[in-house]
Amino acid sequence: MSMPVCCTKYENDHVSTPLILSFDETLTFFPFVLEFYDWRDGLAMYRAYSDGHRELLEGSCSFYIEHIESLDGGKAWIESIPAELVNKARVYADLGVYMLKIAAMSDKARQLLSQRPILLYLVCERYPLDHEHVLSLCELGQRNILAYLGLASCRSALRFIDRIQSDFSTRSVVIVIHRLLDPETMTFKLFRHYKTITTLTLQVYLQWPTLTGTKLGFYLVKATQRERLKINQILSDVFQLGYRVLDVDSVRRIHAITSYDELKQLHDRWVIAQRTVKFVPDPSCDKAYDIPFAGNSNIVPIRNYQQLELEGVEQNHCVAIYHNRIIKGEYLVYKMHMPERVTIGLKRHYLANGRASEIYTVDQIQARNNRLPSYETLETVYSWLDSMKSVKPYIG
């Protein structure tokens, strides 16, 4: 897709007195101060050197709105900006000021910030050092912007974006949103029954992806922090018990749970049932798994049922329940050592005609005891998976 050229003119004369941001040069090695002009001057920003030389700041300054407000003169600088726009940009952490700057320079960007601020955020996040590129993209239609960014660009993707109410204070949120908007997998459709998608909704998805859209998934989002903790403490055991008591509807029963008490009752019932049922793994437990992607020294494939069971024991979670899906070629499991010890689950995607594709996406990344993975871990896993896209899967 070609992108329209956007040329921005800058005035040398400004009507406002700039907000000055200075740095201790001995600590930062910045031989300049920053000059921020207010809304009347289009929020023009410069690097000003002691010799009188000034350079236009063409990208993000990485300051939070709250940081600017805390400076002498900062509150007045923020108050020069329409309050509606400030309120829209405030939740976008270190890109909030950059988004306001872009909105001051373009009517189309101002409309985006007012109507679909997340879309403007995604553009600014992709091009934090090139506001000319950001301004050019703002001239495109909204669906074309998504397509240019390599994201799903259908109307339902825009509706998904409209329902996100996250504070964007962690990088993990951005990574998850990008992955959900993957145009090949369209994973965002899992959230079609959610009226709002909060940071907590996305965290529950990260921790228990298979629960998204289920009754238990909805309950986890609405539950108190104490109730979520209690559920997390036994949920892995409940999945494992359902597998071992040979209840063919175990997953459906778990998904239908709407309270901790219900889950605990199911847990206790299966504990009793387990005493009367002798668990005998099916004959496929001795079969080696097909590994289409070899992994590396840090990300190691799980190659058989014994390794899968050991991984569940070491990490204290229920990964062993995926054995049958792995045997069918629907799922892959890897263990990663650095930057933290996690289990990675990859699910295979299928074409509209039901045939298996060669596309695998992250289904879950579980640290020990089903803890949420760190941002660094997400980056490592997704970077590895992206590198695998250029490798043709080998099915031995």
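Predicted, not measured: the structure shown is a model, and the values here were computed from it.
- The pair R368-E314 does not count as a salt bridge, with every side-chain nitrogen at least 4.0 angstrom from each carboxylate oxygen.
- Comment: D162 does not engage R159 in a salt bridge, judged by the lack of any side-chain N to carboxylate O separation of less than 4.0 angstrom.
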Which is it for I302 and T343 under the side-chain contact (heavy atoms from CB on, under 4.5 Å) test, yes or no, and what are the steps along the way?
CA-CA 10 Å; I302 299 297; T343 305; 6.0 Å; no
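- Salt-bridge formation is not detected for the pair K75/E69: no Lys NZ or Arg NE/NH1/NH2 atom is positioned less than 4.0 Å from an Asp or Glu carboxylate oxygen.
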Tell me, with the steps shown, if L181 and L149 meet side-chain contact (heavy atoms from CB on, under 4.5 Å).
CA-CA 10 Å; L181 287 170; L149 295 176; over 6 Å; no
Can H178 and L122 be said to form a side-chain contact (heavy atoms from CB on, under 4.5 Å), step by step?
CA-CA 9 Å; H178 273 283; L122 292 172; 4.0 Å; yes
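- Of the N and O atoms on the side chains of Y360 and E330, not one donor lies less than 3.5 Å from an acceptor on the other residue.
- If you take OG1 on T258 and CG on L220, they are separated by 11.0 Å, rounding to the nearest 0.5 Å.
- Screening K101, H131, E35, E58 against M45 for a side chain to side chain contact (heavy atoms under 4.5 Å, CB included) leaves a single residue, K101.
- Applying the ring-ring contact (aromatic ring centres under 6.0 Å, His included) criterion to Y194, with sequence neighbours excluded, gives F191, F218.
- In this structure, Y98 has no ring-ring contact (aromatic ring centres under 6.0 Å, His included) partners at least two apart in sequence or on a different chain.
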List the steps, then state whether salt bridge (Lys or Arg N to Asp or Glu O under 4.0 Å) holds for R90 with E66.
CA-CA 8 Å; R90 192 177 290 277; E66 291 79 7; 3.4 Å; yes
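- Under the 4.5 Å side-chain heavy-atom criterion for ILVMFWY residues, no single connected hydrophobic cluster contains both I102 and Y64.
- In this structure, K347 forms no cation-pi arrangement with Y331, as its terminal cationic atom is not both closer than 6.0 Å to the ring centre and no more than 45° off the ring axis.
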Report the C-alpha distance between E376 and R171 in whole Å, list the side-chain angles of each, state the deciding distance to 0.1 Å, and finish with yes or no for salt bridge (Lys or Arg N to Asp or Glu O under 4.0 Å).
CA-CA 9 Å; E376 291 78 13; R171 181 75 184 141; over 6 Å; no
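- Using a 4.5 Å cut-off on side-chain heavy atoms (C-beta onward), I254 and L235 make contact.
- A side-chain donor from one of S374 and T377 sits under 3.5 Å from a side-chain acceptor of the other.
- Distance check, rounded to the nearest 0.5 Å: CZ of F188 to CG of L180 gives 9.0 Å.
- Linking ILVMFWY side-chain heavy atoms closer than 4.5 Å, directly or via other members, places L229 and L372 in two distinct hydrophobic clusters.
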What do the steps show when you test L146 against L119 for side-chain contact (heavy atoms from CB on, under 4.5 Å), and what is the final call?
CA-CA 8 Å; L146 286 171; L119 196 51; 3.5 Å; yes
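- Checked by atom type and distance alone, the side chain of R47 never pairs as donor or acceptor with a backbone atom of V33 at under 3.5 Å.
- With a 4.5 Å cut-off on side-chain heavy atoms, D286 and Q306 count as touching.
- Residues T224 and E227 bring a donor and an acceptor atom of their side chains to less than 3.5 Å of each other.
- Taking a cutoff of 4.0 Å between a charged side-chain nitrogen and a carboxylate oxygen, R110 and D107 qualify as a salt bridge.
- The environment of K230 atom NZ is dense: over 12 non-hydrogen atoms of other residues, nucleotides or ligands sit within 6.0 angstrom.
- Interatomic distance, OG1 of T210 versus CH2 of W208, reported as 7.5 Å (0.5 Å rounding).
- Counting only heavy atoms from C-beta outward, the side chains of L385 and V362 approach each other to under 4.5 Å.
- Considering only heavy atoms from C-beta on, V173 stays 4.5 Å or farther from V176 through its side chain.
- No continuous path of ILVMFWY side-chain contacts below 4.5 Å connects L310 to Y305, so the two sit in separate hydrophobic clusters.
- Put simply, M186 and Y350 are part of two different groups of oily side chains (I, L, V, M, F, W, Y) that touch within less than 4.5 Å, one to the next.
- Listed by chain and number, the residues in a ring-ring contact (aromatic ring centres under 6.0 Å, His included) with F239 amount to none (sequence neighbours excluded).
- A donor-acceptor pair is defined here as one N or O able to donate and one able to accept, closer than 3.5 Å; such a pair exists between the side chain of N87 and the backbone of A83.
- Contacts classified as ring pair (Phe, Tyr, Trp, His ring centres under 6.0 Å) and involving residues 103-129 (residues at least two apart or in different chains) are given here: Y92-Y121, Y121-F168, Y127-H133.
- Cation-pi geometry between R54 and Y46 is met: under 6.0 angstrom from the ring centre, within 45 degrees of the axis.
- Note on M338 and Y334: separate hydrophobic clusters, where clusters join Ile, Leu, Val, Met, Phe, Trp and Tyr whose side-chain heavy atoms are under 4.5 Å apart, directly or indirectly.
- Under the ring-ring contact (aromatic ring centres under 6.0 Å, His included) criterion, F36 pairs with W77, sequence neighbours left out.
- For Q240, there are no side-chain hydrogen bond (donor to acceptor under 3.5 Å, both in side chains) partners at least two apart in sequence or on another chain.
- At a cut-off of 3.5 Å, with distance as the only test, a side-chain donor of S16 or D41 sits close to an acceptor on the other residue.
- Note on R179 versus D386: salt bridge recorded, some NZ/NE/NH1/NH2 to OD/OE distance being below 4.0 Å.
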Verdict with reasoning, T380 to S383, per side chain to side chain donor-acceptor pair (under 3.5 Å):
CA-CA 5 Å; T380 302; S383 294; over 6 Å; no
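- Considering only heavy atoms from C-beta on, L378 stays 4.5 Å or farther from V381 through its side chain.
- At a threshold of 4.5 Å between non-hydrogen side-chain atoms, the residues F63 and L34 count as touching.
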Report the C-alpha separation of F32 and H53 in whole Å, then their side-chain angles, then the decisive distance to 0.1 Å, and conclude whether the ring-ring contact (aromatic ring centres under 6.0 Å, His included) test is met.
CA-CA 9 Å; F32 54 78; H53 176 63; over 10 Å; no
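- The neighbour count for D249 CG, taken as heavy atoms of other residues, nucleotides or ligands under 6.0 Å away, is above 12.
- Using a 4.5 Å cut-off on side-chain heavy atoms (C-beta onward), N324 and I326 make no contact.
- Judged by distance alone, the side chain of R192 and the main-chain N or O of K189 form a donor-acceptor pair under 3.5 Å.
- Here the side chains of L95 and S60 are in contact, with some heavy-atom distance below 4.5 Å.
- Looking at R253 and E262, no side-chain N of the basic residue comes within less than 4.0 Å of a carboxylate O on the acidic one, giving no salt bridge.
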